[in-house]
Amino acid sequence: AATYFHNESAALICDWGINPVQWRREVRPGYSGMKRISPVTGMPERYYPPRERLFQYLISICITGFMLILAFSVMVISLNLQGYIHKFSYSKNYLLYHSISWLCEEGQYFDPSGKGPMPYVLLYIPVILHVVIIQVLNKIYQVVAIKLTIWENHRSATDHENALYIKRFFFEAFDCYIALFYLAFVENDIILLRKELVSLYTVDSLRRLATESIIPFLTRKATRTIAKKMT
């Protein structure tokens, strides 16, 4: 039966023009399951019932949902501190928090008009904090997504990688762009959208410059200086 199955599979691969490398789905080394005789090949194999994986999927959804709520909360706090959510906003009854939004009122620390102390310096702090927290949350969820995907016990490496990519894509897309989505489609304010877009990408570009160029350069230079002193 196994020989017949392989012969028929090879014939269909040729007829359909399928790449054998793509067709063949090797069992992932970390895959676990009960032993059984395959109804297709008649050979022993490890089998994990799909019904049992539904519980893992449910837990993954709950944990990811909690992380998304956390990312959304960070966005709300950031927009309150920048004055983008105010008393005239559509969502003022739900997302405006006077306990923090007063910091961006006229003459206060984060006054966007520049009338507060240290104008055009302090007002960038909420944006900087938002960018930093976005990166931190993405790093945290990257670890969480790996652990959840391993726990889901996918049979093939392809299924495992696809599940991991889907988790990370949706979370990081939500985390990075939810503020822009809110300003564009909820507030419908093109001016605030442009300001937020420029602020976020300017701060993120500076962060990349520091972490990818300046810090490695200074670290390498310090290492060489220490090595010369030791010799």
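Scope of the values below: all heavy atoms of this structure, side chains included, with no hydrogens, waters or symmetry mates. We count residues from 1, following the sequence as given.
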Legend entry - CE-CD1 distance between Met75 and Ile178, expressed to the nearest 0.5 angstrom: 5.0 Å
Scan the side chains in residues 125-143 for donor-acceptor partners under 3.5 Å anywhere in the protein, sequence neighbours excluded, and list what turns up.
residue, atom, partner, partner atom, Å
His130, ND1, Ser78, OG, 3.3
Asn138, ND2, Ile134, O, 3.4
Tyr141, OH, Thr64, OG1, 2.7

Inset, instruction - Decide yes or no on side chain to side chain contact (heavy atoms under 4.5 Å, CB included) for Ser32 and Asn153, but give the supporting numbers first. - result: CA-CA 7 Å; Ser32 62; Asn153 193 32; 3.6 Å; yes
Legend entry - ILVMFWY network linking Leu79 to Tyr201, side-chain heavy atoms under 4.5 angstrom: yes
Legend entry - Within one Ile-Leu-Val-Met-Phe-Trp-Tyr cluster: Phe110 and Phe88, side-chain cutoff 4.5 Å: no
Legend entry - Check: Trp102 and Gln108 side chains under 4.5 Å, non-hydrogen atoms: yes
Legend entry - Any donor-acceptor pair under 3.5 Å from Lys92 side chain to His86 backbone: no
Inset, instruction - For Glu152 and Lys167, run salt bridge (Lys or Arg N to Asp or Glu O under 4.0 Å): C-alpha distance rounded to whole Å, both residues' side-chain angles, the deciding distance at 0.1 Å, then the answer. - result: CA-CA 12 Å; Glu152 289 169 1; Lys167 290 184 184 69; 3.0 Å; yes
Inset, instruction - Taking the side chain as every heavy atom from C-beta outward, state whether Ile59 and Trp151 have any pair of such atoms under 4.5 Å apart. - result: yes
Inset, instruction - Using a cut-off of 6.0 Å, state whether more than 12 heavy atoms not belonging to Leu54 lie near its atom CG. - result: yes
Inset, instruction - Give the cluster check for Tyr94 versus Ile69: same hydrophobic cluster or not, with ILVMFWY residues linked at side-chain heavy-atom distances below 4.5 Å. - result: no
Legend entry - Sub-4.5 Å side-chain heavy-atom contact between Lys195 and Leu183: no
Inset, instruction - Might you point out which heavy atoms bring Ile100 and Asn80 nearest each other, and give the distance in Å? - result: CD1-CB, 3.7 Å
Legend entry - OH (Tyr57) with more than 12 external heavy atoms under 6.0 Å: yes
Inset, instruction - Could you state whether Val144 and Phe55 fall into the same hydrophobic cluster, counting links through intermediate Ile, Leu, Val, Met, Phe, Trp or Tyr residues with side-chain heavy atoms under 4.5 angstrom apart? - result: yes
Inset, instruction - Please work out which of the three classes, parallel, tilted or perpendicular, describes the rings of Phe174 and Phe72, given edges at 30° and 60°. - result: tilted
Inset, instruction - Report yes or no: do Ser91 and Tyr182 form a side-chain donor-acceptor pair below 3.5 Å? - result: yes
Inset, instruction - Given side chain to side chain contact (heavy atoms under 4.5 Å, CB included), test Tyr90 with Glu187 step by step and report yes or no. - result: CA-CA 6 Å; Tyr90 291 107; Glu187 292 297 329; 4.1 Å; yes
Legend entry - Residue pair Pro117 / Gly107: nearest heavy atoms and the distance that separates them: CD-O, 3.8 Å
Inset, instruction - Work out which heavy atom in Tyr97 is nearest to a heavy atom in Val76; give both atom names and the distance. - result: CE1-CG1, 3.7 Å
Legend entry - His160 side, atom NE2; Asn162 side, atom CG - distance, nearest 0.5 Å: 10.5 Å
Legend entry - Side-chain touch Glu45/Arg36, heavy atoms, less than 4.5 angstrom: yes
Legend entry - Side-chain heavy-atom pair Arg53, His154 within 4.5 angstrom cut-off: yes
Legend entry - Shortest non-hydrogen separation from Leu68 to Phe171 and the atoms involved: CD2-CD1, 3.5 Å
Legend entry - Non-hydrogen atoms of Glu196 and Ala179 that approach each other most closely: OE2-CB, 4.0 Å
Inset, instruction - Would you mind reporting whether Thr149 and Glu161 have side-chain heavy atoms less than 4.5 Å apart? - result: no
Inset, instruction - Inspect the surroundings of CZ in Arg220 and state if more than 12 heavy atoms from other residues, nucleotides or ligands are less than 6.0 Å away. - result: yes
Legend entry - Under-4.0 Å salt bridge between Asp204 and Arg208: yes
Inset, instruction - Find the distance between OH (Tyr31) and CD1 (Ile150) and round it off to the nearest 0.5 Å. - result: 15.5 Å
Legend entry - Cys104 side chain reached by Leu81 side chain, heavy atoms, under 4.5 Å: no
Legend entry - Trace of the ring-ring contact (aromatic ring centres under 6.0 Å, His included) decision for Phe181 with Tyr177: CA-CA 6 Å; Phe181 181 89; Tyr177 301 115; over 10 Å; no
Legend entry - Closest non-hydrogen atom pair between Leu192 and Asp189, with its separation: N-OD1, 3.1 Å
Inset, instruction - Taking atom OH of Tyr109 as the centre, report whether more than 12 heavy atoms of other residues, nucleotides or ligands fall under 6.0 Å from it. - result: no
Inset, instruction - State whether the side chain of Tyr47 and the backbone N or O of Ile37 hold a donor-acceptor pair below 3.5 Å, judged by distance alone. - result: no
Legend entry - Rounded distance (nearest 0.5 Å) linking atom CG of Leu193 with atom CZ of Phe185: 8.5 Å
Inset, instruction - Calculate, to the nearest 0.5 Å, the distance between atoms OG and CG belonging to Ser205 and Leu209 respectively. - result: 8.5 Å
Legend entry - Cluster link Val186 to Leu96, ILVMFWY, side chain under 4.5 Å: yes
Inset, instruction - Measure the shortest side-chain to side-chain distance between Leu164 and Phe169 over non-hydrogen atoms and say whether it is less than 4.5 angstrom. - result: no
